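Side-chain atoms are counted along with the backbone in the values below, which use heavy atoms only and exclude waters and symmetry mates. Since we're looking at a predicted model, the values are computed, not measured.
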Amino acid sequence: MTALDPLRSPQRFFDRVIEADDGYADSVLAAVAEWKERGWDLAAVVPVNDWGVPSASAVAKKYGLPGLSADSAHVTRDKYAMKARFEAAGLPTPRSISVTSEAEMLAAAEEIGFPVVLKPADFSGSGGVSLAHTRAEAIAAFTSSVEHIDRYRDVFPIDGSRYMVEQYVDSQEEISVEVLCHGDRRMTLAITEKYLSAPPFFAEVGHLVPSHRTGDTALTTLAEKACQALGIDHGIAHVEIKFDSKGAPWLIEAAARPGGDGIMDQMERAYGYNPYTLHVSSYLGIDPFPLVQREPLRSSAVAFLKAQPGELTSVRIPENLPESVVSVSVSKKPGDIVKPVADWSTRDGVIEMVWNEIFTERITMPVEIAEVLSDEIFG
């Protein structure tokens, strides 16, 4: 595990943390070299977030370890390059155009046709992503996206010079698919139901495992082909698919790492095994497929708490919680200023839920419970 400041930001789930910035290959390579000089050996390098994917690839190549190729690491971090691979493989994905300026953005929006989605080419967490129906909205959305990147340019290892104008898939229905990749084999582990905020933003406000779409072979085939097109051949990949108003699936993007937002925790509760075991095994060169549990045992969800915008006057977790709730965590305190929902950074807390049943149709209970609890918790 790497961290910029292990002393002041300890990772208690790991026995040892080395000081390095996982977003920069040079930083990680230097740290690994230092530890090897101390007599430590390197068994595997395992990416667990977007920023670490290229660095992990570089370290694996340096030491002859299993890992993604440099090309695969690149196309899974560059959304425009990713779309080009999807298109070349004949996979359904919204049309997109890469732009670097407002003038290019407006020309691209006119070419694709409104409404369009504006997004940074190399960011994640729905940051800087919004919908525009008109030229005026597109200019405002582009300005907001640029400001978002400027805000995080020194925090995350991003280029931040390119943006994308993308065809809008008109629906609030979206899933993610966790795909286990090892060599030339790929297997879907779980389909997760995603809950999104209302347009113009696309903040993820909750996830449910398993989705009622679990078992849909057309979706699992599409997700696995997406991983193949990007050359993902190690570990768990996270594929996002959206459905249009006619129910047709469209590939939005894929990441060469396990799903975030606590999705892995919900998979563990729902299926009864820790998916990180599979992810790490693959990078160790161990066949992970015998460890897979195919049938879910229960349903598990995570949803995010959201206070009303403005200054918080009180925060109180009620003593009596819904029976399904197994954890509550609040990230705000009285006096904090709450922003409207926009992306991962505007969340105010999180709850986790479990049901001893498998839902066969789309439910909205996770976000409904989160909304009720948010009203009770935040004053």
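Using a 4.0 Å cut-off between charged nitrogen and carboxylate oxygen, K119 and E166 count as a salt-bridge pair. A salt bridge links R135 to E110: one of the charged nitrogens lies within less than 4.0 Å of a carboxylate oxygen.
The aromatic rings of H234 and Y283 are tilted relative to each other, their planes meeting at an angle between 30° and 60°.
Side-chain atoms of D343 and S345 form a donor-acceptor pair, as typed in the model, at a separation below 3.5 Å. When only modelled atom types and interatomic distance are considered, T188 and E224 share a side-chain donor-acceptor pair under 3.5 Å. Side chains of T346 and K339: a donor-acceptor N/O pair is absent below 3.5 angstrom, by distance only. A donor and an acceptor atom, one from each side chain of E178 and H238, are located under 3.5 Å apart. Looking at H182 and S282, their side chains do bring a donor and an acceptor atom within 3.5 Å of each other. Using modelled atom types and a 3.5 Å distance limit, the side chains of T100 and R162 yield no donor-acceptor pair.
In this structure, CZ on F304 lies 14.0 Å from CD on E371, to the nearest 0.5 angstrom. Considering CD1 of I286 and CG of L278, their distance stands at 11.0 Å, rounded to 0.5 Å. To the nearest 0.5 Å, atoms CD (Q172) and CG (L196) are separated by 5.5 Å.
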- Assess whether side-chain contact (heavy atoms from CB on, under 4.5 Å) is satisfied between T192 and Q266, documenting all intermediate values. CA-CA 9 Å; T192 300; Q266 311 321 312; over 6 Å; no
- Query: Going through the checks in order, is the salt bridge (charged side-chain N to carboxylate O under 4.0 Å, His left out) test met by R77 and E253?
  - Reply: CA-CA 10 Å; R77 287 294 300 123; E253 57 189 59; over 6 Å; no
- Message: Determine whether V28 and D21 satisfy the following criterion, side-chain contact (heavy atoms from CB on, under 4.5 Å), listing intermediate values before the conclusion.
- Response: CA-CA 6 Å; V28 180; D21 188 338; over 6 Å; no
- Stepwise salt bridge (charged side-chain N to carboxylate O under 4.0 Å, His left out) test for D71 and R85: CA-CA 11 Å; D71 176 72; R85 293 293 173 88; 2.9 Å; yes
- Message: D261 vs K194, test: salt bridge (charged side-chain N to carboxylate O under 4.0 Å, His left out). Steps then yes/no.
- Response: CA-CA 11 Å; D261 277 359; K194 301 174 81 71; 6.0 Å; no
- Item | Working for side-chain contact (heavy atoms from CB on, under 4.5 Å), residues E174 and Y195 | CA-CA 7 Å; E174 185 173 334; Y195 303 96; over 6 Å; no
- Query: What's the verdict on side-chain contact (heavy atoms from CB on, under 4.5 Å) for K333 and L312, showing C-alpha distance, side-chain angles and the deciding distance?
  - Reply: CA-CA 7 Å; K333 62 183 185 301; L312 278 179; over 6 Å; no
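For the pair R213 and F243, the cation-pi test (distance below 6.0 Å, angle within 45°) is passed. R38 forms no cation-pi arrangement with W40, by the criterion of a distance under 6.0 Å to the ring centre and an angle within 45° of the ring axis.
With hydrophobic clusters built from ILVMFWY side chains whose heavy atoms lie under 4.5 angstrom apart, V205 shares a cluster with I363. Linking Ile, Leu, Val, Met, Phe, Trp and Tyr whenever their side-chain heavy atoms come within less than 4.5 Å leaves F378 and V372 in two separate clusters. Cluster membership check: I369 shares its hydrophobic cluster with I377, using side-chain heavy-atom separations under 4.5 Å among Ile, Leu, Val, Met, Phe, Trp and Tyr.
Listed here is the closest heavy atom pair of A25 and S55: N-OG, 3.3 Å. In plain terms, the two heavy atoms of A203 and V341 that are nearest each other are CB-CG2, 3.8 Å.
Between the R298 side chain and the R269 main chain, a donor and an acceptor come within less than 3.5 Å of each other. K83 places a side-chain N or O within 3.5 Å of a backbone atom of I252 that can act as its donor or acceptor partner. Panel note: side chain S211, backbone I191; no donor-acceptor pair is recorded below 3.5 Å.
No side-chain heavy atom of D244 sits under 4.5 Å from any side-chain heavy atom of Y168.
Environment of CD in E295: sparse, with no more than 12 heavy atoms of neighbouring residues, nucleotides or ligands closer than 6.0 Å.
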